[in-house]
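Residue numbers run from 1 in the order of the sequence given.
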Amino acid sequence: MFFFSIFKISIFIILFFYHSLIFSAEINVNKIEFFGLSYLSELELLNKVKSKLDYNNISIDEFLLVLSDIRVFEKIDLIKSDETLKLFVTEKPYINNIDVYCDNDKNYIYSVLNEFNLNIGWLYDSYSLELFKQKVEQYYINQGMNSINVDYFIDSDVLTNSVSISINLSNYEKLRIKEIKIFGNKSFKEKELLSFFFNAKTSWMTLFSDSDIYIKGKLISDLELLRTYYFDNGFVNFQISSAKVLISKNKKYAYIFINVFEGDQYYIGDVVLDDNFSFFKERFQPKLNSTFFSGEVFSLNKIFEFRKYLKDYLSDRGYIGSDIDFNLIDLEENVIDIEFFLGKLSRLIVRKIDFSGNFLTDDYILRRLIPQIEGNYILMSDVNDGKDEILRSGIVSEVDVEFKNYSSDNNYVDILYKIKEQKLTKFTAGFTMTHADGLVINIGSEFINFLGTGRDVSINVNKNRLQSDYNFIYFDPCFFNINVGFGYNIYYKIEDLDKYSGFFDHASNVFGWNIYYSLKLDDLQRLNFGLGCDMTKLNMYGDAAPIEVKDFISHEGCFFKEYYLTSTFAFNSLDRYNFPIDGLSSNLILKLSVPPSDIKYYSLNFSLNFF
């Protein structure tokens with residue numbers, strides 16, 4: 001028995017060393033033969049290996065490990081004959097078809113499939129399909145659909161070594177919140193705390209909203225709001241002990257239970273600035289005294305707002321990246337002293353302003369929109385105003401600002417505006433058939449930043465059997481300098497109702513023009529002054545015209561010249577030219593006829609758009 005055990009141990013040792021000898025030996029990749037390849041060629045496979053390992057100095061163990069990482073084969077067998085390594089491989093099947101069955105979100109499903117390389121023509125990987133399932137399930141759970149089922153079925157074809165994948169999504173039932181309870185709150189009523197939550201329990205008030213739909217992301221936001229509320233009311237030791245979500249047996253309702261620890265309420269003691277603020281103390285001390293009062297309830301939000309005020313003030317004077325922080329000194333009787341301290345200051349000068357991404361627009365067109373000046377101290381308000389002004393111009397769709405070659409040692413910084421130009425030419429064409437107007441044709445083109453010059457040109461034509469309009473507009477926002485622009489408008493309008501009017505026959509021709517100067521008051525306001533002229537010819541046919549019209553013509557005649565002055569005040573704080581989501585735009589227009597006009601009148605118009 002003893003000798004038999006010695007024999008088994010000897011055999012194990014021999015096999016171990018034989019395995020180590022064989023698989024640790026270096027191989028020559030030029031003497032490797034593959035059998036069973038169809039999806040990848042031998043050259044492609046060796047190139048993938050080369051990208052991961054030293055091509056000329058690899059062992060069999062390393063080579064096989066890399067082949068496994070490529071995840072192309074289901075099975076690999078090898079035979080080593082002399083200096084030649086023969087590999088007999090079984091490739092994974094490729095995907096020949098994918099069917100997705102769901103009521104909506106098909107685009108999302110296909111995007112996740114693509115993320116995990118599950119596409120027609122690609123190799124099938126069961127592990128990737130399982131990861132796909134987990135991600136889709138988590139996505140719908142985060143959308144409040146707790147009972148979603150993601151099932152997939154694999155149909156294999158051995159003859160072609162391919163698979164067909166069928167994915168079925170079912171049970172799109174949203175999880176509704178039945179109850180939200182907060183425990184441990186002594187200083188505030190539960191109703192007060194729940195009033196600012198995004199989540200709400202199901203009631204008649206949630207019939208027209210989704211506030212009672214449980215979404216994990218909303219709960220995380222609610223917990224952060226709860227924490228902030230307590231911090232802003234002096235509870236600096238506040239903690240959320242636990243937040244649990246229980247699901248009903250029928251998986252239709254969620255019950256949220258939140259346990260909190262309030263701690264003691266703290267009050268503000270002394271608030272001071274450290275000695276590094278001495279140069280700015282005359283400026284900051286009055287603001288500090290009007291923000292913090294000894295004995296009031298401690299508020300973390302006030303501290304953050306005051307620190308932001310300090311940072312903004314310094315960054316507008318060249319001190320960008322200022323290191324400003326604060327210390328909270330816990331004293332007895334729940335009183336906290338606050339000390340703001342300032343790190344090393346470095347005042348930076350703008351050496352150069354560059355642009356990238358402007359393939360059509362010249363640099364000087366963009367440069368004139370930026371108030372920041374090269375050679376001056378950097379002012380973050382001017383840098384940000386320049387970014388907003390570029391967006392409002394309509395030239396670009398995106399703007400990012402980067403600071404380059406920044407160093408606290410050389411006191412210089414370069415500013416790079418990275419822009420993405422948008423399509424600057426807009427063509428419109430429309431054809432409509434109506435009983436009253438017949439065929440209506442609308443053709444127009446708008447050239448924002450025409451040929452990269454910063455000028456705007458617009459041409460519009462509207463025509464039907466009753467009237468025709470022709471309009472041409474030109475505007476240069478920086479005609480004289482960056483603050484004074486010039487524009488003009490020429491138009492021609494024909495109305496011919498002598499054959500189609502059911503009341504009385506008449507026709508009119510109007511030719512007009514106007515020129516105007518635009519004065520830039522600041523980044524948001526402009527004041528325009530203009531002079532215009534309208535020449536109108538009115539023709540009457542028959543005796544069916546109303547008495548008022550006949551009296552007007554008898555007194556004023558059929559040909560009129562109108563000269564008028566215009567004054568426009570324009571305000572524009574929109575965040576972008578196309579598809580704004582924030583800000584407002586308004587125009588107040590005064591129009592007054594002047595001699596030698598044949599008709600005297602004035603008009604006042606106001607328009608407002610806000611987002």
Mind checking the [atom1]-[atom2] spacing from [X] to [Y]? Nearest 0.5 Å is all I need.
{"X": "Ser567", "Y": "Asn528", "atom1": "OG", "atom2": "CG", "value": "8.0 Å"}
{"X": "Phe606", "Y": "Leu588", "atom1": "CZ", "atom2": "CG", "value": "7.0 Å"}
{"X": "Ile494", "Y": "Lys463", "atom1": "CD1", "atom2": "NZ", "value": "6.5 Å"}
{"X": "Arg367", "Y": "Ile390", "atom1": "CZ", "atom2": "CD1", "value": "9.5 Å"}
{"X": "Leu169", "Y": "Lys106", "atom1": "CG", "atom2": "NZ", "value": "10.5 Å"}
{"X": "Leu225", "Y": "Phe197", "atom1": "CG", "atom2": "CZ", "value": "7.5 Å"}

Test side-chain hydrogen bond (donor to acceptor under 3.5 Å, both in side chains) applied to Asn411 and Ser346, step by step
CA-CA 7 Å; Asn411 294 333; Ser346 178; 3.0 Å; yes
Is any side-chain heavy atom of [Y] closer than 4.5 Å to one of [X]?
{"X": "Asn489", "Y": "Phe475", "answer": "no"}
{"X": "Lys493", "Y": "Asn509", "answer": "no"}
{"X": "Leu604", "Y": "Ile589", "answer": "no"}
{"X": "Val100", "Y": "Tyr110", "answer": "yes"}
{"X": "Leu521", "Y": "Phe569", "answer": "yes"}
{"X": "Met380", "Y": "Ile320", "answer": "yes"}
{"X": "Ile459", "Y": "Phe472", "answer": "yes"}
{"X": "Ser593", "Y": "Glu562", "answer": "no"}

Mark yes when over 12 heavy atoms from residues, nucleotides or ligands other than [X] sit less than 6.0 Å from its [atom1]; otherwise mark no.
{"X": "Tyr364", "atom1": "OH", "answer": "yes"}
{"X": "Phe610", "atom1": "CZ", "answer": "no"}
{"X": "Glu282", "atom1": "CD", "answer": "no"}
{"X": "Asp325", "atom1": "CG", "answer": "yes"}
{"X": "Phe359", "atom1": "CZ", "answer": "no"}

Check: [X]/[Y] side-chain N/O donor and acceptor closer than 3.5 Å:
{"X": "Asn609", "Y": "Ser585", "result": "no"}
{"X": "Ser458", "Y": "Asn460", "result": "yes"}
{"X": "Asn462", "Y": "Ser468", "result": "no"}
{"X": "Asn119", "Y": "Asn114", "result": "yes"}
{"X": "Glu305", "Y": "Asn301", "result": "yes"}
{"X": "Asp125", "Y": "Ser128", "result": "yes"}
{"X": "Ser397", "Y": "Glu421", "result": "no"}
{"X": "Asn96", "Y": "Ser162", "result": "yes"}

Could [X] and [Y] be called an ion pair, given the rule that one side-chain N must be under 4.0 Å from one carboxylate O?
{"X": "Asp388", "Y": "Arg392", "result": "no"}
{"X": "Asp522", "Y": "Lys520", "result": "no"}
{"X": "Glu402", "Y": "Lys418", "result": "yes"}
{"X": "Arg227", "Y": "Glu224", "result": "yes"}

Taking it one step at a time, do Tyr108 and Tyr139 satisfy ring pair (Phe, Tyr, Trp, His ring centres under 6.0 Å)?
CA-CA 10 Å; Tyr108 171 76; Tyr139 169 79; 3.9 Å; yes
If we ignore hydrogens and angles and just use 3.5 Å, is the side chain of [X] paired with the main-chain N or O of [Y] as donor and acceptor?
{"X": "Asn276", "Y": "Leu342", "answer": "yes"}
{"X": "Asp382", "Y": "Gly386", "answer": "no"}
{"X": "Ser597", "Y": "Tyr563", "answer": "yes"}
{"X": "Asn471", "Y": "Tyr491", "answer": "no"}
{"X": "Thr361", "Y": "Asn358", "answer": "no"}
{"X": "Asn449", "Y": "Gly454", "answer": "yes"}

Do you know which two heavy atoms are closest between [X] and [Y], and how far apart they sit?
{"X": "Arg351", "Y": "Asp414", "result": "NH2-OD2, 2.7 Å"}
{"X": "Arg526", "Y": "Pro477", "result": "NH2-O, 3.8 Å"}
{"X": "Ile324", "Y": "Arg307", "result": "O-CD, 3.3 Å"}
{"X": "Ser393", "Y": "Ile448", "result": "O-CG2, 4.0 Å"}
{"X": "Lys135", "Y": "Val112", "result": "CD-CG1, 4.1 Å"}
{"X": "Phe277", "Y": "Phe340", "result": "CE1-O, 3.6 Å"}

Tell me whether the rings of Tyr309 and Tyr313 are parallel (<30°), tilted (30 to 60°) or perpendicular (>60°).
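Taking Tyr313 first and then Tyr309, their aromatic rings sit tilted (interplane angle of 30° to 60°).
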Under 30°, 30 to 60°, or over 60°: which ring-plane class applies to Phe486 and Phe479, parallel, tilted or perpendicular?
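The rings of Phe486 and Phe479 sit tilted, inter-plane angle from 30° to 60°.
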Under the criterion side-chain contact (heavy atoms from CB on, under 4.5 Å), I'd like the reasoning laid out for Tyr152 against Asn168: C-alpha separation, chi angles, the key distance, then a yes or no.
CA-CA 6 Å; Tyr152 58 82; Asn168 183 46; over 6 Å; no
Worked verdict on Val510 versus Tyr492 for side-chain contact (heavy atoms from CB on, under 4.5 Å):
CA-CA 6 Å; Val510 180; Tyr492 183 52; over 6 Å; no
Looking at Tyr377, is Arg347 sitting on its ring face, NZ or CZ under 6.0 Å from the six-membered ring centre and within 45 degrees of the normal?
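Flagged: Arg347 positioned over aromatic ring of Tyr377.
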Does Lys591 count as lying over the ring of Tyr564, i.e. NZ or CZ under 6.0 Å from the six-ring centre, within 45 degrees of the axis?
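That pair qualifies as a cation-pi contact.
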Are Tyr516 and Tyr488, when compared by the centres of their aromatic rings, separated by less than 6.0 Å?
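That pair fails the under 6.0 Å test.
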Run the side-chain contact (heavy atoms from CB on, under 4.5 Å) check on Ile378 and Val383 step by step: do they pass?
CA-CA 8 Å; Ile378 185 171; Val383 174; 4.1 Å; yes
How far apart are the C-alpha atoms of Tyr124 and Tyr94, what are their side-chain angles, what is the distance that settles it, and do they pass the ring pair (Phe, Tyr, Trp, His ring centres under 6.0 Å) test?
CA-CA 5 Å; Tyr124 166 68; Tyr94 72 90; over 10 Å; no
Can you tell me which residue among Leu113, Asp99, Val136, Leu118 is in a side-chain contact (heavy atoms from CB on, under 4.5 Å) with Ile167?
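Going through Leu113, Asp99, Val136, Leu118 one by one, the side-chain contact (heavy atoms from CB on, under 4.5 Å) with Ile167 is satisfied by Leu113 alone.
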Applying ring pair (Phe, Tyr, Trp, His ring centres under 6.0 Å) to Phe132 and Phe116, what does each step give before you reach the verdict?
CA-CA 7 Å; Phe132 157 81; Phe116 290 102; 7.1 Å; no
